[in-house]
Amino acid sequence: MNAAPLAERVGRRHQSAGIRRNMPLPVLEVRGVTKHFPGVVANRNIDLDLFPGEILAVLGENGAGKSTLMNIIYGLHPPTSGSIRVGGHRLECRSPRDAITAGIAMVHQHFQLVPTMTVLENIVLGAETTRRGVLDLATAERGVEELCQRFGGQLDINLQAVIDDLPVGMRQRVEIVKALYRGARILILDEPTAVLTPQETGSLFQIMRGLRNQGTGIIFITHKLKEVLDVADRIVVLRQGAVVGHERPGATTEQAMATMMVGRVPALTVPKTTVVPGPPILEVDNLTVHRDDGTTAVERISFEVKQGEILGLAGVQGHGQTELIEALTGLRPVSSGAVRLNGRDTTHASARQVGREGGTGHIPEDRRAYGMVASFSVAQNLVLNLCNQPPFTRWGLLRLEAIRGHARSKVAAFDIRTTSLEQPLASLSGSNQQKLVVAREIRNGLQLLIASQPTRGVDVGSVEFIHHQIVQQRDAGRAVLLASHDLDEILALADRIAVMFEGRLINLPPTAQIDRNRLGLLMAGIPA
């Protein structure tokens, strides 16, 4: 199906209901969907159409209602009111199984794969082919191969490879093949490029276009506005649970989309003044770190981060960045080499010695797993690293008023949107959870800020805010180590860049001398 004419016809449909009779039938129709949670209206009377052979981008800040709407379509939540139709038939969706039966599949940001199983085993899991009650992998393999051949090599993958041995881009491809194997006509992609290199992103977009050309309807959820302009046929924007606009990529801009999302004109680039770096705050010398299974994650790397600079650490997930940062923050033992913080040896220091006593703030890559206690209140989470020292404790007892006063100050300064300081942190949006973690780690006495994936899964308004906070720390004379899979983030914030690939470090010239394509090639291990 020709995508450009379809996109044009879809755009005209919203301008003139009289053209409706000339349109193909939508493969998905959402009509008047509203969803209430206790005290919250997550979706308000949402209408949405998805056509065969269309890539529909759904944009919105965290908390705008995107995830709730997708969860309703996929059967994870029932709507409070409204209806959904697939192929013209009303969908009574009580579970994801019902959605899959109706031809709807969802590729989650965190892949739903069994790492110790093969590609083929993961694809057929839950949809097994049997013969006389025995698993028939040979027949399943032929079916998967025929499916992949339909896409002219775009979905080629080694079916016998173990998932744990595959790069992130290939794992995502497995998820897409798994969805198609189950007969998906509607594919929901949730933040699919969050951890991909530019080359892997380009490959994904080729796959998406190939699926579109074969008639699959795709809902594409992302915070990366450049990607929307690159691959989408049509754009729907949500704000505060409601649809606030429809756009076509050729008739809009990043700035216009961002303004529609947040209700104001955000700054998409961070102004940076020229700062002359001071002496080194963090010095890493010949460092080697091992994973839990004994394999080498970081191999004999050396670098330094100076006062008043941001060192960007680029790399695809799984190449040693996580283990490096765990070693620097006292969370993982160092096998060999040395780490110095302000000239003091911290090679084998504990997390407390590196953090509170050494003046290091750590924004972890996974806020839910390592940066917060979801069931604790906003106020409690803001003092997790300080609660056993004055003024928050006296004679071994917590001083609740001091904790609340500290929380009030942080909530105001970091624009953390909460109804109460006693609200459980789990009930806040992902962006507000992340701003809380940033607020806690930026504190008096800070010398070094280690920020790992600081804006992963964060909306455009919060990205702007967090980026400003990181640059302010650099301008105030702190050293910043920024680890990110997002090349635009690295290029926008870093003064110098280093690339990690297979546990080794490639030091690059100043950021002004690096282009995005070269950086992406280095991240993929291709000499540039």
Side-chain angles (χ1 to χ4, degrees), residues 110 115 164 168 194-195 280-305 310-342 344-373 381 384-385 433-434 437-438 440-443 446-457 470 478-486 489-490 498-506 523:
H110 301 288
D164 222 10
V168 174
V195 295
I281 297 295
L282 175 67
E283 298 171 273
V284 177
D285 185 21
N286 215 26
L287 191 72
T288 295
V289 181
H290 288 94
R291 299 184 179 89
D292 293 340
D293 63 6
T295 58
T296 301
V298 177
E299 187 172 2
R300 301 178 63 184
I301 68 171
S302 299
F303 66 94
E304 61 184 23
V305 188
I310 299 173
L311 174 64
L313 186 64
V316 179
Q317 187 172 5
H319 284 264
Q321 306 96 308
T322 296
E323 291 82 1
L324 170 62
I325 288 174
E326 288 175 349
L328 296 179
T329 53
L331 297 172
R332 179 175 292 272
V334 170
S335 300
S336 64
V339 180
R340 290 181 294 277
L341 186 58
N342 270 323
R344 185 168 64 90
D345 190 319
T346 57
T347 307
H348 302 293
S350 68
R352 177 177 291 181
Q353 290 168 329
V354 172
R356 192 185 73 195
E357 298 171 13
T360 299
H362 176 207
I363 301 170
E365 65 179 47
D366 186 337
R367 61 178 170 268
R368 284 187 169 271
Y370 307 113
M372 56 184 266
V373 180
N381 271 278
L384 286 180
N385 54 348
Q433 291 172 359
Q434 187 71 359
V437 173
V438 173
R440 185 184 63 228
E441 299 304 314
I442 293 178
R443 61 187 188 277
L446 186 68
Q447 297 293 315
L448 169 69
L449 178 63
I450 298 178
S452 183
Q453 318 306 327
T455 58
R456 175 184 284 171
I470 290 172
R478 281 101 185 212
V480 179
L481 176 61
L482 169 68
S484 179
H485 305 312
D486 186 337
E489 182 166 68
I490 289 282
V499 175
M500 283 202 76
F501 181 75
E502 294 184 346
R504 299 190 178 219
L505 204 64
I506 306 168
M523 287 171 61

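Fair warning: this is a prediction, and the values are worked out from it, not measured in the lab. Counting from 1, the numbers follow the sequence of the chain as shown.
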Under 3.5 Å, sequence neighbours excluded: what are the donor-acceptor pairs made by side chains of residues 357-365?
unit_1: T360; atom_1: OG1; unit_2: V354; atom_2: O; d: 3.2
unit_1: E365; atom_1: OE1; unit_2: T322; atom_2: OG1; d: 2.7
unit_1: E365; atom_1: OE2; unit_2: T322; atom_2: OG1; d: 3.2

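Residues S335 and H290 approach most closely at OG-ND1, 2.5 Å, considering heavy atoms. The shortest heavy-atom contact between A351 and L331 is CB-CD2, 3.9 Å. A pairwise comparison of heavy atoms in L448 and L446 identifies O-CD1, 3.4 Å as the closest pair. Closest approach of V298 and G320 over heavy atoms only: CG2-O, 3.5 Å. Scanning all heavy atoms of the two residues, the minimum distance from Q453 to H485 falls at OE1-N, 3.0 Å. T347 and G337 get closest at one heavy-atom pair: CG2-O, 3.5 Å.
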Checklist line | side-chain hydrogen bond (donor to acceptor under 3.5 Å, both in side chains) assessment of D486 paired with S484 | finding: CA-CA 5 Å; D486 186 337; S484 179; 5.4 Å; no
Next item on the list: Apply the test side-chain contact (heavy atoms from CB on, under 4.5 Å) to residues V499 and H319: give CA-CA distance (whole Å), side-chain angles for both, the deciding distance (0.1 Å), then the verdict.
Entry: CA-CA 10 Å; V499 175; H319 284 264; over 6 Å; no
Notebook entry, point to check: Is there a side-chain contact (heavy atoms from CB on, under 4.5 Å) between L341 and Q447 once you walk through the steps?
Noted result: CA-CA 9 Å; L341 186 58; Q447 297 293 315; 5.6 Å; no
Next item on the list: Given side-chain contact (heavy atoms from CB on, under 4.5 Å), test L481 with L328 step by step and report yes or no.
Entry: CA-CA 11 Å; L481 176 61; L328 296 179; 3.7 Å; yes
Margin query: Test side-chain contact (heavy atoms from CB on, under 4.5 Å) on F303 and L287; report intermediate values, then the result.
Written below: CA-CA 9 Å; F303 66 94; L287 191 72; over 6 Å; no
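Here T296 contributes atom OG1 and R504 contributes atom CZ; the two are 9.5 Å apart, rounded to the nearest 0.5 Å. To the nearest 0.5 Å, atom CG of residue D285 and atom CD1 of residue I301 are 11.0 Å apart. We find the CE-CG distance between M372 and N381 to be 6.5 Å, quoted to the nearest 0.5 Å. For the atom pair N286 CG and R300 CZ, the distance stands at 5.0 Å (nearest 0.5 Å). Rounding to the nearest 0.5 angstrom, the gap separating the CE atom in M523 from the CD1 atom in I490 is 8.0 Å. To the nearest 0.5 angstrom, M500 atom CE is 8.0 Å from E323 atom CD.
A donor-acceptor pair is defined here as one N or O able to donate and one able to accept, closer than 3.5 Å; such a pair exists between the side chain of Q321 and the backbone of G315. Under the 3.5 Å distance criterion, the side-chain polar atoms of R440 are left unmatched by any main-chain donor or acceptor of L384. Q434 places a side-chain N or O within donor-acceptor distance of the main-chain N or O of P454, the cut-off being under 3.5 Å.
Applying the 6.0 Å contact sphere to CZ of R291 captures more than 12 heavy atoms from other residues, nucleotides or ligands.
The side-chain heavy atoms of P280 and R340, taken from C-beta on, include no pair separated by under 4.5 Å. Contact check for T329 versus Y370: no side-chain heavy atoms found under the 4.5 Å cut-off. Side chains of V339 and D345 form no contact here, defined as non-hydrogen atoms less than 4.5 Å apart.
Taking 4.0 Å as the cut-off between side-chain N and carboxylate O, R456 and D366 do not count as a salt-bridged pair.
A side chain to side chain contact (heavy atoms under 4.5 Å, CB included) with L482 is found for one member of I310, I450, L313 and no other, namely I310.
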